[in-house]
Amino acid sequence: MTPNKSLHLYNSLSGKKEPFVPIHEGRVGMYVCGPTLYSEPHMGNMRTFINFDFIYRCLLHFGYQVKYVRNITDAGHITNSAGQEVDSIGSAARLEQVQPLEIVYKYNVKFQELQRLYNLLPPNIEPTATAHIQEQIEVIEQILENGFAYVENGSVYFDVKAYLQHFPYGELSGRKVEELEHETRALNAQEEKRFFADFALWKKAQPDDMQVWRSPWGNGNPGWHIECTAMSTKYLGKQFDIHGGGMDLKFPHHEDEIAQNCGSFGCNPARYWLHANMLNVNGQKMSKSFGNYFLPKEIVEGSSPLFSKPYAASVVRFFMLQAHYRSTLDITEEALNASEKGFERLMEGLSLLDKVSPSKESSFSVEDWKQSAESALLDDFNAPILIANLFEAVKQIHALNEGKAQLNETDLSLFKATLAHLTFEVLGIEPIENQGNDRLAGVMEVVMALRQKAREQKDWASSDMIRDGLAKAGIQIKDGKEGTTWG
RNA sequence: GGUCUCGUGGCCGAGCGGCUAGGCACCGGUCUGCAAAACCGUAUACUCCGGUUCGAAUCCGGACGAGACCUCCA
């Protein structure tokens, strides 16, 4: 197989890998659906954000000037499984007996903490729905003017039948409206809609609504899908390069975004639609409604009953990137432990490289290795293959360290720089900081010296007593060639 | 029920017509006072049944199994 020289990515619109050609050369506009702040994002949500963070990092690595927009949903009515329009943030506010803004603020702070914990690069803009009510109203007005929506009793609905005269509906999710009709379960509370597939753009205020905005149609709330259309248009234009989100948003959310964008501006908002797959627990999608979810914080604190010990955020991130973003990933303790070991091997390999000194000749091609890693990234952001390349490098590092391989000065510095860049900048994992404090380090120095003295005197009983005692205290001794380490 | 996706060695997971993916575990070896760790190495696989092909884990058809979506979801 010849290595890709240019970026190819899988476009959900066509169902194929396509060469990536940005609208403006050298620049990429990317919009990713962010969290709804009515609760703390769970680990499944984090997987999607980690995957798109990796994709963002890859695009930066390729040299694109990227404008990355990820929204924060802090308002909006969604239609629940009973067919009722509900305000999830308002419900959370009622439940916790606080103002909706307090809910949003509280979970936004937590989300920002999580982004730092999992080393997510901040998007260029994180717009909120509530700050863009006016823009949403303007898009709705445009859709009305184009004849693809109607007003009914203070609410505005998207008119799918009128829209179908000019545009297809359901292309992204591969659905046909006539098929949808008899597949859709019977819904109540939709008498206002003229057609079952119509969806709310604006919902008239209900007596118990905690958040209400003024509009040309009276007081109310924006629909769930319209914020993305308004904000993506404002910050990226009527059409931009990449739209991302979780697989489960394909229908109806992204389908309706396409309809809104076509209905107002006559074009699909994005040229490439990317969908990240789900995180599974016990073979089933992690979901609030299944009750099989845990929080990104619980896994690093070790407070989730699913896991017997804590895992560093970097290890969790590394674990997630060992699967391709388009595949489902099963999280189990066994798999996580495997990643943890691999992660440590990678980190130790990298620090070992610092001790390697250059030779006159090079015994392997750093350039070839670099190309191999590069083509993995160019092939639809293939993180698992990138990681396989990193382990290939680790193998070479050990060979270098033992004198079984050589690199000249130029190649060695290229090797070091590329490896560090791919690991820390592109993959976005960080070494785990040594948690030991200075006083402990001082004590350990004395203990290690005592044990070394005992060993020199072949006093194995004392030596092993120290080792076993420390093991009980959770400190492991490693007798290496160049002295003993602990951790 | 409809639409779609997927079934890879003990586990996770790439590949998607011919070339060792990778990690972890296992086993063997090196090192070591012993152990652990570390390093090196071998082995193990493509759900089943047909078809296409010189050649199929990879393409086509069927069976079985799993999952996702079908107005809560990343």
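Just so you know, these numbers come straight off a predicted model, no measurement behind them. Labels below follow one simple rule: chain letters A, B, ... track the order of the sequence lines, proteins then strands, and each chain is numbered from 1.
Between B:C46 and B:C34, the two C1' atoms lie 43 Å apart (nearest whole Å). Comparing B:A63 with B:U3, their P atoms sit 14 Å apart, to the nearest whole Å. Rounded to whole Å, the separation between the P atoms of B:C31 and B:A36 comes to 15 Å. For the C1' atom pair drawn from B:A57 and B:G17, the interatomic distance equals 10 Å after rounding to whole Å. A gap of 25 Å separates the P atoms of B:A43 and B:G7, to the nearest Å. Annotation: B:A14 and B:G9 have their C1' atoms spaced 14 Å apart (nearest Å). Going from the P atom of B:C48 to that of B:U30 covers 39 Å, rounded to whole Å. Rounded to a whole angstrom, the distance from the P atom of B:A45 to that of B:C11 is 13 Å.
Across all strands shown, A:Lys395 has heavy atoms under 4.0 Å from sugar-phosphate atoms exclusively, and none from any base. Heavy atoms of A:Phe318 sit nowhere under 4.0 angstrom from any nucleic acid atom. Residue A:Gln284 is in sugar-phosphate contact alone, with no base atom involved, counting any heavy-atom pair closer than 4.0 Å across all strands shown. Here A:Met46 lies out of heavy-atom contact (under 4.0 Å) with every strand. Within the 4.0 angstrom heavy-atom criterion, base atoms lie near A:Leu279. Using a 4.0 Å heavy-atom criterion, one finds that A:Ser339 contacts no nucleic acid atom at all. Using a 4.0 Å heavy-atom cutoff across all strands shown, A:Ala323 reaches sugar-phosphate atoms only and no base atom.
Comparing B:A74, B:G23, B:G2 by their nearest atom to the side chain of A:Ala338 picks out B:G23. The side chain of A:Gln322 sits closest to B:G23 out of B:G23, B:G13, B:U71. Between B:G33, B:A21, B:C12, one nucleotide has an atom nearer to the side chain of A:Ser463 than all others, and that is B:G33. Of all nucleotides listed (B:C34, B:C12, B:A21), B:C12 comes nearest to the side chain of A:Phe319. Checking B:G10, B:U71, B:G33 against every side-chain atom of A:Glu334, the shortest atom distance belongs to B:G10. For A:Ile385, counting side-chain heavy atoms from C-beta on, the closest listed nucleotide (B:A14, B:A38, B:U71) is B:A14. Side-chain proximity of A:Arg451 to the nucleotides B:G33, B:G22, B:C39 is greatest for B:G33.
At B:A36, none of the side-chain N or O atoms of A:Arg467 fall inside 4.0 Å of OP1 or OP2 (strictly under the cut-off). The side chain of A:Ser327 places no N or O atom within less than 4.0 Å of a non-bridging phosphate oxygen (OP1 or OP2) of B:G13. Within the 4.0 Å cut-off from OP1 or OP2 of B:G15, at least one side-chain nitrogen or oxygen of A:Asn382 is found. Distances shown here put a side-chain N or O of A:Arg345 below 4.0 Å from the OP1 or OP2 atom of B:C24. When the side-chain nitrogen and oxygen atoms of A:His398 are compared with OP1 and OP2 of B:C39, one or more of them lie within a distance under 4.0 Å. Here A:Lys341 reaches the OP1 or OP2 of B:A25: one of its side-chain N or O atoms lies under 4.0 Å away. Phosphate proximity of B:A35 to A:Trp460: absent, as no side-chain N or O sits under 4.0 Å from OP1 or OP2.
In this structure, CZ of A:Phe199 is placed 14 Å from P of B:U71, rounded to the nearest angstrom. For A:Asp379 and B:C16, the CG to C1' distance is 11 Å, given to the nearest whole Å. As a whole-Å value, the separation of A:Leu346 CG from B:C24 P is 10 Å. Rounded to whole Å, the distance from NZ on A:Lys285 to C1' on B:C73 is 5 Å. Distance CG (A:Asn337) to P (B:G23): 17 Å, rounded to an integer number of Å. Computed from coordinates, the A:Glu392 CD to B:C40 C1' distance equals 14 Å when rounded to whole Å. One interatomic measurement links the two molecules: NZ of A:Lys355 to P of B:C39, which rounds to 13 Å at whole-angstrom precision. When rounded to the nearest whole Å, the span between OH of A:Tyr157 and C1' of B:U71 equals 13 Å.
With the nearest nucleotide of RNA chain B identified for both A:Asp464 and A:Gly245, A:Asp464 has the one nearer the 5' end. Looking at which nucleotide of RNA chain B each of A:Asp330 and A:His253 is closest to, the 5′-most match is held by A:Asp330.
Between A:Tyr311 and A:Phe319, the ring center distance fails the sub-6.0 Å criterion. For an aromatic pair to be called close, the ring centres must be under 6.0 Å apart, and A:Tyr169 with A:Phe158 fails this. For A:Phe415 and A:Trp369, the ring centers are positioned less than 6.0 Å apart. Centroid-to-centroid, the aromatic rings of A:Phe54 and A:Phe381 stay 6.0 Å apart or farther.
The residues A:Lys106 and A:Glu96 are annotated as salt-bridged, a charged nitrogen and a carboxylate oxygen being separated by less than 4.0 angstrom. With respect to A:Glu178 and A:Lys176, no salt bridge is recorded, no charged nitrogen being found less than 4.0 Å from a carboxylate O. Ionic pairing of A:Asp248 and A:Lys285 is present here: one or more N-O contacts between side-chain nitrogen and carboxylate oxygen are shorter than 4.0 angstrom.
A:Asp241 contributes atom CG, which lies 10.5 Å from atom CE of A:Met30 (distance to the nearest 0.5 angstrom).
Within a heavy-atom distance below 4.0 Å of RNA chain B, no residue of residues 291-299 of chain A is found. Shown for residues 38-45 of chain A: residues whose heavy atoms fall under 4.0 angstrom of RNA chain B, namely A:His42, A:Gly44, A:Asn45.
Look at B:A68: its Watson-Crick or wobble partner, with both distances under 3.5 angstrom, is B:U3. Using Watson-Crick or G-U wobble geometry with both donor-acceptor distances under 3.5 Å, B:G9 finds no partner in any strand shown. Pairing for B:G50 goes to B:C60, judged as Watson-Crick or G-U wobble with the two contacts each under 3.5 Å. Look at B:U32: it lacks any Watson-Crick or wobble partner with both distances under 3.5 angstrom.
For the pair A:Glu40 (side chain) and A:Lys110 (backbone), a donor-acceptor distance under 3.5 Å is absent.
Both the sub-6.0 Å distance and the 45° axial angle are not jointly satisfied by A:Arg70 relative to the ring of A:Phe52. Judged by a 6.0 Å distance limit and a 45° cone about the ring axis, A:Lys193 is not positioned over the six-membered ring of A:Phe195.
For the residue pair A:Asn71 / A:Thr73, a side-chain donor-acceptor distance below 3.5 Å is found, with atom types taken as modelled. Looking only at atom types and distance, the side chain of A:Asp53 has no donor-acceptor partner in the side chain of A:Tyr118 under 3.5 Å away.
Note on residues 385-397 of chain A: pairs passing side chain to side chain donor-acceptor pair (under 3.5 Å), not counting sequence neighbours, are A:Ser372-A:Asn389.
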